[in-house]
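The first residue of the sequence shown is numbered 1, and numbering continues consecutively from there.
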Amino acid sequence: MAKTIDAGRNELCPCGSGKKYKKCCALKQRSNRGSTLMLLIVGILMAVGVIAGVSAIMSDRRDVGRPGGVWSPEHGHYH
């Protein structure tokens, strides 16, 4: 959970940097939320890609070498 700080945007930052809060810790808190969301989105996309890749590999193996099957160069798989 985000830590709440009781400093106004134009007051000195409580971290002791000497900067205004809006130019110091407020920027850090905002960027943390964005990076967490980005990590979540990238993780979901990677999982979908892995599932699609495994599915494609498994479906290709199912058609290869069927007993009595005939290769169809037109369709690119066995019938």
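Taking the side-chain contact (heavy atoms from CB on, under 4.5 Å) definition, one finds that I41 meets it with L37, L45, sequence neighbours left out. With sequence neighbours left out, the side-chain contact (heavy atoms from CB on, under 4.5 Å) criterion links V42 to M38, M46.
A distance of 9.0 Å separates CG of L12 from NZ of K20, quoted to the nearest 0.5 Å.
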